[in-house]
Number of protein chains: 2
Amino acid sequence: MARTNKTQYAILGMLNYQPMSGYDIKKISDHSIGHFWNENYGNIYPVLKRMMREGLVTMDIQQGGSAPPRKVYTITAKGRQFFLDWLAGSPERQILREELLLQLFFGQWISPNIIEDKLHNESAFCSAMIKNLQQIKAHLEEDHGKNLPEQSVGTFAAGRPYWKMTVEFGLRYYQGIREWCDASLHELSQIDKGEKR
Amino acid sequence: MARTNKTQYAILGMLNYQPMSGYDIKKISDHSIGHFWNENYGNIYPVLKRMMREGLVTMDIQQGGSAPPRKVYTITAKGRQFFLDWLAGSPERQILREELLLQLFFGQWISPNIIEDKLHNESAFCSAMIKNLQQIKAHLEEDHGKNLPEQSVGTFAAGRPYWKMTVEFGLRYYQGIREWCDASLHELSQIDKGEKR
DNA sequence: TAGTTCATGTAATGAGTTACATGATTAT
DNA sequence: ATAATCATGTAACTCATTACATGAACTA
């Protein structure tokens, strides 16, 4: 079972809103799905090229005077079908592979202080992510399509509940990990006590 | 910054308990760190080979009569140092890349029923994982080194609190996702109502 | 004038997964 | 008899990351 390239679905999903350049796709991805999905230029450009060969997208070059030319990609009917087929199919789960947990598992071989540092770090990272996600959430709740071009208000309004769910995932995810960090730190302090007694 | 091979640390961590074959490493990994870390034979064997060249491990061939020969690997002083250095260093975080969330983000383009199915599936998967982890947890709590060879009781007893923390992580992780599924399903039912009115 | 953003891409690298290949032994 | 387990490995693949390369325009 050959693992399918998922970058293409993220790209097609973006192009399904409106035609864009590879650069746009990267920027918009970062600000919309960036909290749970990452893409690099080094992957976006080659995939766009391939998808054009396969007839999933078309491309238009826009010469911007002296500015560098923009290659604007548009999703085709075939591309939209391909995208929708994927969308209805079952998602592959990301398998957990956390280096922190691997180190923690072997925790007996180093000083508890180092473990504590790791957990504090992780907890702080989660806090930063949570703060970030709360801002996105607030933004999604307050802004009801004010600054959008008129014909796209419908599309964007219809997407918002789903976008919120992904943000909600992130919030619970990082809150959960932070709580675990705190609980583990508490456990560690018990171990320390036990050793000193 | 070249991403470091992490398989080697998992392997060294196992060999740090006792000498083992590649086959043993796979089996023991599956049953100890398997809930947050996966390794394949196709990776373990080549990495062992490389680590032997680098002097991180040594190898002994044990001929088991007519049985296939076992290649038993032992960690060296150099290997142990390498392992401990990694253990004290800061872990790389796994970046989130959840196909379910990507599909959910684009949820407006398919029927809410399909989304509901996806969420139910995910919830069921989490339940299965939780059940599994609760058994591991119970096992870790009841068994206090009864069936272990005497000289290793100390090592294994000292590891247990850390092993429990990784199990606790898994429990909270899957419980968190399951709660999110339920909350999202509830939200979806609200959207449905709104559309029908 | 120096740094950031706009905008495109290629090349190198590697890490990990999957499929393939072999063959004996043990349990059902 | 057949399936699962013990036991080792190679080859293909591909997905994704990082570094490299270029150059204009805008901003502080």
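Just so it is clear, the structure is predicted and the values come from calculations on it, not from any experiment. Residue numbering restarts at 1 for every chain, and letters A, B, ... go by the order of the sequence lines.
Between the C1' atom of C/dA11 and the NZ atom of A/K49 lies a distance of 12 Å, rounded to the nearest Å. Computed from coordinates, the B/L48 CG to C/dG16 C1' distance equals 15 Å when rounded to whole Å. Residue A/I44 contributes atom CD1, which lies 14 Å from atom P of C/dT10 at whole-angstrom precision. With rounding to whole Å, A/R50 atom CZ is found 11 Å from D/dA16 atom P. Distance CG (B/N43) to P (D/dG9): 14 Å, rounded to an integer number of Å. In this structure, A/M59 atom CE and C/dG9 atom C1' are separated by 12 Å, rounded to whole Å. D/dA16 atom P lies 11 Å from atom CD of A/Q94, rounded to whole Å. The interatomic distance linking B/I25 (CD1) with D/dC6 (P) rounds to 15 Å, in whole Å.
Here D/dT18 is the nucleotide among D/dT18, D/dT10, D/dT8 with the atom lying nearest to any side-chain atom of A/N40. Here the nucleotide nearest the side chain of A/Y73, chosen from D/dT8, C/dG9, C/dT10, is C/dG9. Taking every side-chain heavy atom of B/Y45 into account, D/dT8 is the closest of C/dA7, C/dA15, D/dT8. Out of D/dT8, C/dT10, C/dT8, the shortest distance to the side chain of B/Y41 is found at D/dT8. The side chain of A/R97 approaches C/dG16 more closely than any other nucleotide in the set C/dA7, D/dT10, C/dG16.
Inspection of the A/T7 and A/E39 side chains reveals an N or O donor paired with an N or O acceptor under 3.5 Å. Side-chain contact check for A/R160 and B/Q108: no donor-acceptor pair (N or O, by modelled atom type) lies under 3.5 Å. Checking B/N16 against B/R80 by side-chain atom types alone, a donor-acceptor pair falls below 3.5 Å.
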message: B/D182 vs B/R178, test: salt bridge (Lys or Arg N to Asp or Glu O under 4.0 Å). Steps then yes/no.
response: CA-CA 6 Å; B/D182 295 342; B/R178 191 171 58 175; 5.5 Å; no

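The side chain of A/Y23 contributes an N or O atom lying less than 4.0 Å from OP1 or OP2 of C/dC6. Not one side-chain nitrogen or oxygen of A/T7 sits closer than 4.0 Å to the OP1 or OP2 atom of D/dC15. Put simply, B/T4 has no side-chain N or O that comes within less than 4.0 Å of OP1 or OP2 on C/dA15. Regarding contacts with the backbone of C/dG16, a side-chain N or O of B/N5 is found under 4.0 angstrom from either OP1 or OP2.
In terms of position on DNA chain D, the residue among B/E92 and B/S21 whose nearest nucleotide sits closer to the 5' end is B/S21.
No option in B/W37, B/Y9, B/W86 other than B/W86 meets the side-chain hydrogen bond (donor to acceptor under 3.5 Å, both in side chains) test with A/E99.
Across all strands, A/I95 comes closer than 4.0 Å only to sugar-phosphate atoms, never to a base (heavy-atom distances).
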